[in-house]
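What follows is a single structure, written as C-alpha cells, with notes after it.
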Amino acid sequence: LLLASNFESQPWWETLNLKPFTLKSLGFWLLILAIYLLVHALFNSVFGVAPTKFLKSVSGSKDLWIVLMIIALSPVLEELLFRGYLFKAWRHSGLGLTGTLLLTSLLFTGAHWGQWHWTLLAPIFLLSIILGLAREKTGSVWMPVILHSIGNLLSAISLVYIGYQ
C-alpha cells in the first residue's frame with residue numbers, strides 16, 4: 001500500500017492523508033461514534049442475531065494477539081486502504097464525495113462479509129459512511145483510524161472478555 005501510494009507528484013503520506021486533526025473535531029466525531037454505537041446496540045437487541053463462526057471463535061478467547069489485531073492492526077490497515085488510498089484516488093474523480101463514500105463503504109462492508117451475520121452488514125455500511133465523512137471533514141485518515149479502533153475496542157471487550165451474548 002505504501003509503495004502504491006508513493007507517486008512522483010506526491011509522497012505516500014500525502015496520498016494516505018496522514019495529517020493531524022484538531023481536538024475539537026475529535027470530540028465531535030467521538031459523539032457521532034457514541035450515537036452510532038447506541039443505534040447499533042439497539043439494532044442488535046431488536047434483531048437478536050446468531051453469532052457467526054468468526055464471532056464464536058473470538059468469543060471468550062482472551063488471546064492478546066487477537067485483541068491487538070482487532071483494536072489496532074485491522075483498523076489501521078483497513079483505514080489506510082479504504083479512507084486513505086481509495087478515498088484519495090476517487091474523491092476528486094467523477095464519483096465525487098457521494099460516489100466515493102458509497103463505493104468505499106460497499107467495499108468495506110464486503111470485506112466484513114462472513115465475519116458478521118448478514119443483517120449486521122447494514123450497520124457496518126453506516127459505520128463506513130461515518131468514517132468516510134470523518135475523513136472528509138477532518139482531512140485526515142487518523143480520525144477514522146481512531147474511531148474504528150475505539151469501536152473495535154468496545155467490540156473486543158464485549159466479545160473476548162464478556163463473550164457473545
Side-chain angles (χ1 to χ4, degrees), residues 17 20-87 90-91 97-165:
N17 277 54
F21 55 83
T22 66
L23 285 177
K24 182 179 177 182
S25 65
L26 177 61
F28 173 78
W29 288 105
L30 286 173
L31 176 63
I32 298 297
L33 179 65
I35 293 167
Y36 162 80
L37 291 171
L38 288 172
V39 170
H40 187 98
L42 179 63
F43 187 90
N44 286 347
S45 67
V46 167
F47 286 99
V49 206
T52 60
K53 187 177 181 179
F54 168 76
L55 291 178
K56 286 178 184 176
S57 71
V58 173
S59 182
S61 164
K62 294 186 176 76
D63 183 340
L64 179 62
W65 291 112
I66 289 174
V67 174
L68 289 175
M69 190 172 76
I70 290 170
I71 64 172
L73 185 62
S74 293
V76 169
L77 294 176
E78 289 175 0
E79 295 310 318
L80 287 176
L81 175 62
F82 295 108
R83 257 63 67 181
Y85 186 77
L86 294 176
F87 197 96
W90 293 333
R91 174 61 179 94
L97 176 59
T98 303
T100 299
L101 286 171
L102 291 174
L103 188 53
T104 56
S105 295
L106 283 171
L107 291 171
F108 179 81
T109 303
H112 291 82
W113 187 271
Q115 291 178 330
W116 304 99
H117 190 274
W118 67 269
T119 57
L120 293 179
L121 293 178
I124 289 172
F125 181 81
L126 176 59
L127 174 64
S128 185
I129 294 287
I130 291 168
L131 295 173
L133 287 170
R135 155 59 180 87
E136 171 72 13
K137 297 300 182 186
T138 63
S140 174
V141 76
W142 291 120
M143 183 65 74
V145 166
I146 289 170
L147 297 174
H148 192 157
S149 293
I150 291 170
N152 282 11
L153 171 64
L154 296 173
S155 293
I157 289 169
S158 173
L159 283 172
V160 175
Y161 294 101
I162 298 170
Y164 192 88
Q165 303 298 320

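Because only heavy atoms are used, hydrogens play no part in the values below, and waters and symmetry mates are left out as well, while side chains stay in. Along the sequence shown, the residues carry numbers beginning at 1. The structure presented is a predicted model; accordingly, all values stated were derived computationally and were not measured.
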Q | Tyr36: ring-ring contact (aromatic ring centres under 6.0 Å, His included) partners, not counting sequence neighbours | A |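 For Tyr36, the residues satisfying ring-ring contact (aromatic ring centres under 6.0 Å, His included) (neighbours in sequence not counted) are His40.
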
Q.
Can you list everything that forms a ring-ring contact (aromatic ring centres under 6.0 Å, His included) with Phe82? Sequence neighbours excluded, please.
A.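 For Phe82 the ring-ring contact (aromatic ring centres under 6.0 Å, His included) partners, ignoring immediate neighbours, are Phe108.
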
Q: Walk me through it: do Leu131 and Val145 pass the test side chain to side chain contact (heavy atoms under 4.5 Å, CB included)?
A: CA-CA 8 Å; Leu131 295 173; Val145 166; over 6 Å; no

Q) Can you list every pair that meets salt bridge (Lys or Arg N to Asp or Glu O under 4.0 Å) and has a residue in residues 65-85, with sequence neighbours left out? A)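 Every salt bridge (Lys or Arg N to Asp or Glu O under 4.0 Å) pair that includes a residue of residues 65-85, provided the two are not neighbours, is Glu79-Arg83.
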
Q. If you look only at pairs with a residue in residues 123-136, which of them pass as a salt bridge (Lys or Arg N to Asp or Glu O under 4.0 Å), with sequence neighbours excluded?
A.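 Qualifying pairs: Arg91-Glu136.
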
Q) For Pro75 and Ala72, which heavy atoms make the closest approach, and how far apart are they? A)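 Shortest heavy-atom separation between Pro75 and Ala72 comes out as CD-O, 3.3 Å.
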
Q) Looking at Ile71 and Ser149, what are the two nearest heavy atoms and their distance? A)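 Smallest heavy-atom distance, with atoms named: O-OG, 3.1 Å.
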
Got a second to check how far [X]'s [atom1] is from [Y]'s [atom2], nearest 0.5 Å?
| X | Y | atom1 | atom2 | value |
| --- | --- | --- | --- | --- |
| Phe28 | Ile32 | CZ | CD1 | 4.0 Å |
| Phe43 | Leu126 | CZ | CG | 10.0 Å |
| Leu127 | Leu33 | CG | CG | 7.0 Å |

Q | Leu23 atom CG, neighbour heavy-atom count above 12 within 6.0 Å | A |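 Atom CG in Leu23 is not packed in, count stays at 12 or less.
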
Considering only heavy atoms from C-beta outward, does the side chain of [X] approach that of [Y] to under 4.5 Å?
| X | Y | result |
| --- | --- | --- |
| Leu133 | Leu101 | yes |
| Leu97 | Phe87 | yes |
| Tyr85 | Leu80 | no |
| Phe125 | Leu121 | no |

Q) For Ser105, what residues pass the side chain to side chain donor-acceptor pair (under 3.5 Å) criterion, not counting sequence neighbours? A)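 Scan of Ser105 (side chain to side chain donor-acceptor pair (under 3.5 Å), adjacent residues dropped) gives Ser128.
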
Q.
If the condition is side-chain contact (heavy atoms from CB on, under 4.5 Å), which residues does Ser25 pass it with, not counting sequence neighbours?
A.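 Only Phe21, Thr22, Trp29, Thr138, Met143 meet the side-chain contact (heavy atoms from CB on, under 4.5 Å) criterion with Ser25.
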
Q) Hey, does the side chain of Asn152 reach the backbone of Ile70 with a donor-acceptor pair shorter than 3.5 angstrom? A)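 Here the side-chain-to-backbone pair exists.
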
